[in-house]
Amino acid sequence: MTRPRGYIPGPTRRRPGEPYRPGMELMVRLKDVRKEYGETAALAGVTLDIRAGEAVAVMGPSGSGKSTLLNMVAGLDRPTSGQVIVRGEDITGMGEAALAKYRRRRIGMVFQFFYLLDDLPVLENVMLAAQLLGIGRRQARTRAMELLDELGIADRADAYPVALSGGERQRVGVARALMNRPALLLADEPTGALDSRAGEQVMDLLLDLNQIGQTLLIVTHDERLAARCADRVIAFEDGRLATEVTR
Amino acid sequence: MRAVWRAARYAVRRRRLQTLIIGVVVLLSTATTVLAMGLLATVDGPYDRAFAQQRGAHLTVSYDAARTTGAQAAASAARPGVTAAGGPYASQIMTVGSPGRPAGGSSGGSPGGPSVRPALPPGPITVVARAADGGDRVDRLTLKRGRWATGPGEIVVGSDLARGPGQTELIGQKVPFTDGRTLTIVGLGRSITRSAQGWVAPGQLTRPDGRQMLYRLADPAAPAANVTAGLAATSAQSYEVARRKATEDGKVAIPFLVAFGVAGLIVAVLIIGNVVSGAVVSGFRHIGVLKAIGFTPAQVTGVYLMMIAVPAVVGCLAGTVAGNILAGAVSASLSESLDLPAASGVSVAVDVLAVLGVLGVAAVTALVPAVRAGLVPAAVAVSAGAAPRRGRALRVQRLLARTRLPRPVSLGLGVPFARPGRTALTVSAVAFGVAAVTLAVGLSRTLDAYFTDETRLRTFQVEVVGQGEAPSLAGRPGTAKVAVTSSAQVHVPGSSRAVELKAYQGAPADRHGYRVVSGRWLDGPGQVVVGDPFLEESGKRIGDTVTVGTDGRKAVLRIVGTAIVDGSDTFVTDWASFAPFGDVALGSLMEVTLTPGTSARAYVDALTAEGVMAHTTDEGTDVEQAIVLGLVALLTLGIAAVAGLGVFNTVVLNTRDRVRDFGILKSLGATPKQVLTVVLVSMGALGLLGGLIGLPLGMAAHQVVLPAMARTGGIVLPYGLTEIFPWTLAALFVLAGIAIAVLGALVPAGWAARIRTATALRSE
């Protein structure tokens, strides 16, 4: 696979191969975040910092609150209480439109089930993120083709998602997530729906991205993925941060 | 079976909105159907039933009192073919005069005195001296209000006569006659045969000029001469004439109501089919899950039929009740206004037919997709919505993506191409809706235009009774034009019809607001314009001659055209050709056209104060027209509501189907406004397409259905009455299609825009 290049914003960038060094710019800060669904607390007061260029894996059993945490950081859901601060910006009180703009500019998301729009070909799926940001079609297309090329699926640009293998679809998902050069890449079980070979490819891809400075927050059940890609592994249990291991 | 019921019950609970919409669509469809069918029964059947009940007279004859003795008239009851007879009753043609000038009809009166509105419209009426004890062998009279006349100075007037302008409370009012008498109205009565317009107690007619005999015949169609031969009969009216007169107002409405009934049924069938199919198609994933847990194809079919049956049965029963209540109320008003015997409400047969019909439609439309649901493989059903879509539709999306349109707009425009089946369902729902509303509004406008033409409301605003005031009216402030008209009752040989021959002073070429249906208007003497029903019944054509006569006076006139005339029995000729009938004329009227801005009411009040008999034409607007138009508006509303709900349902399903896609867009940073744009553009596009398809469909249906229906009632509609869709209205219908689709999408679109992205992504 070709190593991704050229899409990471300057301040968060590490030189290739350079290891994570604590003390870098604070990317995400969660302050006593709670999320309750009726009587059930999906997050029971989580406090967590993620620094720029760091790769953090969140693990835990189903229902432990990992995906809820990811949704909070992505602005897809709102905490019941507490604060979510991303690059110094408190997103907790943002309106829907502001959150949408925040997601466009700061966040890239990779999903377990890819969540590609089946009605659009691969290239259009990838371009869409930039177009929603207001970037012109030509510029978006150039950028999307670059990414697809770097991720090794440029030859599938005109195919529709349903014609792709799981690994290919996930790479399209990653390309789409990287389209707007996000400060933070969030991945929700990125290998969960893939066979082992495709899973390996995605792991390599995420590792490569982190190696060149991309900040990652990965929610996964896959210990191999966590061990291979993450600088820090956080274990969740009953909506709480149970253990934290820094490698 | 229990599993099927349980699964269906949960499915109904889970799809509350869809269940509600199916129920309401079926309810409205059933109510509209019951109402339409009930109304048809109101204007069609009751006359014959009442005729039999009241032992109506097949033949009503008036013998000249001077030349026929009572014994001679009574003896005619024994003639061959007569099965029963009533009479002889003394009769007299009495002329109702103005309250201001009861005697002589001169222009005296009381100038400057109080304005007294007439109790009855001025003109001649037939008054019969008859004791109505309800035991008459022929033509039993019905007392509608008040009491029968028992002594001098009292009169009971016919309820048909009481349908004139402003007749709110007649009982107790005094009616002046030109012979100097003034009678007090003590009751309103009805003769099913319409043998007279007024009844007094026996012995109360001062100068009877006729002896009225009422006959029931073994052969109702037998010629009157069989009975009247050798006697001096001055008039003989077949019950067919009475029947036609009694029902002709309703008959005009019948074709329109039938058209509405048909339109309502078709729309109901299409919309129910659409809603039910949509329900099944949208539940494909649910079908897959049912199959995955072991439901057999038959059980899956059963679940889906049950899901539809629950709201359909509830809606159908509620609709039947609502339809009966509505039909009862409207029928009562219609019967009253048409002076028809009260209908007994919607018959049980109509209810049963409506329930079975509507449920049958729902069952058949549900069965096809439900069986398909049962047969579809579980894997295919589970992956419904995620299955690959190829071909032209995706190429269209790619093309749209290349346009310079904002991305949410091009995405929205591409949505309809993604799921052609669902799109076809939505477009057809909008098209049916727009077509139905177009047809309904078209029918309503044509009916309105027909009534307007029939009464020539736009031509003149005030009618003045009498003669000789024309010059003073012409110079009066507010008068734009005065047309003097006169009419006489004449007969057409070989026909039982008594027709009103009408003529206007002045140039024959002046149409006086009549709308020509075929042929042309008068352009010289010896010509006549007739109504289409006359041609239909007499077998005559334009170009043929017709002989009209009465009391030895005769005129041969050439039919040059047909027009929408007031009632089907009016002939219009020129003033010169009318001259032979001048001395038997029923009287003169002046049709006054007012200058713009002049108040007709004030104009009439001023004339009345001067003792001149006048009334405004809007007072004369028939109540039945208002009721029929109101009814048409009600049916239009019902059809529009059914169509609108059908569209709403389809749009809701369509939008909900795509919630996950909206979640994806939001996760990529689409703002709520952008998501809303995608939904509204996609549905607006479908609305536009549906509108563009539905409009010509509705117009074509109007062009085909209406004239065909009208012909069944002997009415020929002129070109202008079916061309009643100005482009602004047409554009409005297309916009209505868009509006319905967009409004239908607003609720789920707003929901899609507001929904938490995480929730949207989880939805299936």
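Just so it is clear, the values below take in all heavy atoms, side chains as well, and ignore hydrogens, waters and symmetry mates.
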Exercise for the section: Would you confirm whether Arg407(B), through its side chain, and Leu128(A), through its main-chain N or O, come within 3.5 Å as a donor-acceptor pair? Expected result: no

Practice task
Verify side chain to side chain contact (heavy atoms under 4.5 Å, CB included) between Arg404(B) and Arg137(A), making sure each step is shown before the conclusion.
Solution key: CA-CA 8 Å; Arg404(B) 289 179 176 275; Arg137(A) 180 172 172 77; over 6 Å; no

Practice task
To the nearest 0.5 Å, tell me how far Ser410(B) OG sits from Gln131(A) CD.
Solution key: 7.0 Å

Problem - Interatomic spacing from CD1 in Ile664(B) to CG in Leu117(A) - rounded to 0.5 Å - result: 4.5 Å

Exercise for the section: Please check if atom CG in Asp195(A) has more than 12 non-hydrogen atoms from other residues, nucleotides or ligands closer than 6.0 Å. Expected result: yes

Problem - Leu132(A) side chain reached by Gln674(B) side chain, heavy atoms, under 4.5 Å - result: yes

Practice task
Measure across Arg660(B) and Asp118(A) and return the closest heavy-atom pair with its distance rounded to 0.1 Å.
Solution key: NH2-OD2, 4.1 Å

Handout entry: Per-residue contact mode, Phe111(A) against chain B (heavy atom under 4.5 angstrom)
Key = side chain

Fill in the blank from the handout: Turns out that what part of Leu411(B) lies under 4.5 Å from chain A's heavy atoms comes down to side chain

Practice task
Any chance you could lay out the salt bridge (charged side-chain N to carboxylate O under 4.0 Å, His left out) test for Glu96(A) and Lys673(B), step after step, and finish with the verdict?
Solution key: CA-CA 10 Å; Glu96(A) 278 298 314; Lys673(B) 199 172 156 189; over 6 Å; no

Problem - Distance, nearest 0.5 Å, that separates OG1 of Thr671(B) from CG of Leu99(A) - result: 11.5 Å

Fill in the blank from the handout: For Leu76(A) and Ser667(B), the nearest pair of non-hydrogen atoms, with its separation, is CD2-CA, 4.0 Å

Practice task
Answer yes or no: are there more than 12 heavy-atom neighbours, outside Arg156(A) itself, under 6.0 Å from its atom CZ?
Solution key: yes

Handout entry: Leading residue by heavy atom contact count with chain B [cutoff under 4.5 Å; candidates Arg176(A), Met109(A), Lys101(A)]
Key = Arg176(A)

